[in-house]
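These notes are about the structure you will find just below.
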Number of protein chains: 2
Amino acid sequence: MARYTTLKDVAERAGTTASTVSYVLSSKSGRYISQATREKVMKAVDELDYIKSNSAASLKGKEVKLIGILVPQFENQFFTRIIVSAEKVFMKRGYDLVICDTLDNPGREKDFLRRMLEQRVDGLIVTPTVEGTENTALIRKLGIPMVVVDRPLPGVDDYCRIATDNYGFGKLAAGELQRLGHKNVAYIGWNTKVSDLLLRAEGVRDAYEGRGNVVVEATGFSDEGGCEGTLHVLKDHPEVTAFIYGFNMQAKGGIRCLTDAGKVIGKDTSVIVIGSPEWVNAGSNDFTHVDMGDSEVGSKAAEMLLSLISGSCSPDFKKQIVQECSLVKGTSVADIK
Amino acid sequence: MARYTTLKDVAERAGTTASTVSYVLSSKSGRYISQATREKVMKAVDELDYIKSNSAASLKGKEVKLIGILVPQFENQFFTRIIVSAEKVFMKRGYDLVICDTLDNPGREKDFLRRMLEQRVDGLIVTPTVEGTENTALIRKLGIPMVVVDRPLPGVDDYCRIATDNYGFGKLAAGELQRLGHKNVAYIGWNTKVSDLLLRAEGVRDAYEGRGNVVVEATGFSDEGGCEGTLHVLKDHPEVTAFIYGFNMQAKGGIRCLTDAGKVIGKDTSVIVIGSPEWVNAGSNDFTHVDMGDSEVGSKAAEMLLSLISGSCSPDFKKQIVQECSLVKGTSVADIK
DNA sequence: TAACAATAGGCAATCGTTTGCCTAACTGGG
DNA sequence: CCCAGTTAGGCAAACGATTGCCTATTGTTA
């Protein structure tokens, strides 16, 4: 086991006491330290490779300088982008990130959250699992600063959140298809109970209210799910001229199926992807897609959490911010007007 | 600030002492606890939402149950895959992950490593920055378990590492091009001094030794870099029929340039990508690429680190494992034989 | 019935930092 | 020369969990 040197070791070498060393290192005002002592201490610190113990410090009520982040799918770039942009904000303020991938499994989420609390994290950024609302109850009860990202906590309302504009995603995508003359479109989405996600379909439906038909296919959250839904539509609704994919993984699978079925995207059929996975414009791809504002979501969540932690906002400050989205035009939608 | 309950609070409520509560919770053998006491304690723990403090425990020499992971580019799927697969291994053993993105900046790396030590992480998985070899010196001196991933620590040799087969990547890719009749190929790589990465070019060169010509373009590690290198080749070496891209980001930019230049990939020109970014087979893409064994690298590193931590291997156990790679054939290489 | 093992649980030191409370030496004004 | 302020730094009590060392019951056996 590794041996770390302690304040006492340093003090001994410098010929002083632990408290003095502590004061030197934390350079707190209100304590006078002579230049000579300061130098002796710094020399000893250096020679002994002293590294302070965060555990001991946090035991004395200091911040742990750890932020916990729980996301449901690490492999989804939407979340890694959130993490990257949040990290930039936290890093500047000296916080490290403990990151967990819940895999959308409420059991894992519960475990992880408890472990975060055991680590006494200073705050949490959480995209809750679909059915694990209860898991965050303790966090809220204890009053640990937390910002929820993307999905809501159903049945709860006094918490901070950076939301994505799910309804807007659908509406924006559908609007574009309408503009280009598509009367019969399909929305391939996730077969989930999370209201947040059903909103996307609703946005599409509302945009088409009285102006065309929308076929909604709710399938599994995976490449296969996307493919399956697409095949259903191709088979049962040959009148459909455009597909909106609610999630990037489904989109990937669905597009593969369309291609395999011999369709040329942007000509024989049209596609809009909700989200900005890297592949939308890699290689010969150039998909029209809805940018959910991934990075913005991350940095806003981080900033909100920091103000919660620093107490710079009132203790009962609760706010939900909806991130704006935008349409990025590619060549995957045919103009059939 | 959040108030956590302590062992003492629990003890008071259960009508016993902190030590008993501690023994109940850790269920250590060698201490007798009556069923009645056990129940009273558990009840109190429950009612008070007791959550143990990892800081306090680690102060007493317990493991912190944290593993630090440093990667140079979070946005690169190679690394997120490593993290995901490592996490699966660690999670089963009760470790949490503190993840940092060094952005290949030695200064950031140094900061992060220090912070990891301050957290007293039980072990580290590190892909060192290009020029920050010194940064890990302290880790090695202190004997903190560490596994290096992918890149080497130049000038150091007694450390554990899961390496990627850089030379093999180049050779494998070049071999495929040769097989299909390409005599003049280009390798677009990173303008770095890291031997590890130069090896890829060497693999390509060796494969072509006496059997054709290789143009090597070393550019920046970005989309733009890939594009730039590609344009040079198109301009100065019209005889080149195939491109090998050393890194996924360069590949993305380079391929975009090829397309913009009116080339149809797999017909007019050929491409092999080293690495497996998601886009290699998304949409209408189907690139021949070299699978570096990303996930395997992560899980092997995690397992090696765990055995280092548990001391199940001799203290001076040092081992370098090279992960095998494989070629995944797509349609991006034309057969010109 | 004395002696011993098994069962049950309290006491207090310890881990490494932080910080409030002292003391002590100097400096300078009156 | 005395007292107040400034400068410098030691002492020791926390923080919360762990664990070795006790003590005090029982139950068991010779």
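Quantities reported herein were computed from a predicted structural model and do not represent experimental measurements. So you know, we letter chains A, B, ... as the sequences are listed, proteins then strands, and number each from 1. Only heavy atoms go into these numbers, but all of them, side chains included; no hydrogens, no water, no symmetry mates.
In this structure, B/Arg93 does not pair ionically with B/Glu87, as no charged nitrogen and carboxylate oxygen lie closer than 4.0 Å. A/Asp49 has no carboxylate O lying under 4.0 Å from a charged side-chain N of A/Arg3, or vice versa, which leaves the two without a salt bridge. The existence of a salt bridge linking B/Lys65 and B/Asp96 is excluded, since no basic side-chain nitrogen approaches an acidic carboxylate oxygen closer than 4.0 Å.
Here D/dG16 presents its C1' atom at 11 Å from NZ of A/Lys60, a figure rounded to the nearest Å. Note: CG (A/Leu59) to P (D/dT18) measures 12 Å, nearest angstrom. The distance from atom CG of B/Leu7 to atom P of D/dC15 is 13 Å, rounded to the nearest whole Å. What separates CD of B/Glu63 from P of D/dT18 is a distance of 13 Å, to the nearest Å.
In this structure, A/Phe112 and A/Asp101 have side chains that are not in contact, with every pair of non-hydrogen atoms separated by 4.5 Å or more. Considering only heavy atoms from C-beta on, B/Arg161 stays 4.5 Å or farther from B/Val147 through its side chain.
In terms of the side-chain contact (heavy atoms from CB on, under 4.5 Å) criterion, residue partners of B/Ser58 (sequence neighbours excluded) are, by chain and number, A/Ser55, B/Val64. Not counting sequence neighbours, B/Asp150 has no partner by the salt bridge (Lys or Arg N to Asp or Glu O under 4.0 Å) test. Shown here are the salt bridge (Lys or Arg N to Asp or Glu O under 4.0 Å) partners of A/Asp111, two or more places apart in sequence or in another chain: there are none. Considering only residues two or more places apart in sequence or on other chains, A/Phe78 meets the ring-ring contact (aromatic ring centres under 6.0 Å, His included) condition with none of them. Qualifying ring-ring contact (aromatic ring centres under 6.0 Å, His included) partners for A/Tyr23, counting only residues two or more places apart in sequence or in other chains: none. The side-chain contact (heavy atoms from CB on, under 4.5 Å) search around A/Glu47 returns A/Arg13, A/Lys43, not counting sequence neighbours.
Listed in residue order, the members of residues 10-27 of chain B having a heavy atom less than 4.0 Å from DNA chain D are B/Ser19, B/Ser22, B/Tyr23. Remark: B/Tyr50, B/Lys52, B/Ser53 in residues 32-55 of chain B come within less than 4.0 Å of DNA chain D through at least one heavy atom.
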Taking only distance into account, with no hydrogens and no angle test, what donor-acceptor pairs under 3.5 Å do side-chain atoms of residues 124-134 of chain B form with protein atoms, sequence neighbours excluded?
from     : atom 1 : to       : atom 2 : distance (Å)
B/Thr127 : OG1    : B/Val149 : O      : 3.1
B/Thr129 : OG1    : B/Glu109 : OE1    : 2.6
B/Thr129 : OG1    : B/Gly132 : N      : 3.2

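Side chains of B/Thr37 and B/Ser34: a donor-acceptor N/O pair is present below 3.5 angstrom, by distance only.
Of all non-hydrogen atoms in B/Ser85 and B/Ser299, the two that sit nearest each other are OG-N, 3.5 Å.
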Polar-atom pairs under 3.5 Å, protein N or O versus N or O of nucleotides 23-25 of chain D: list them with distances, or write none.
none

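Comparing the start and finish of the helix from C/dT1-D/dA30 to C/dG30-D/dC1, five pairs each, the helix axis swings through 60°, to the nearest 10 degrees.
Of all nucleotides in DNA chain C having an atom under 4.0 Å from a heavy atom of chain B, the first and last in 5' to 3' order are C/dA6 to C/dG16.
Relative to the ring axis of A/Tyr159, A/Arg140 does not place its NZ or CZ within 45° and under 6.0 Å from the centre.
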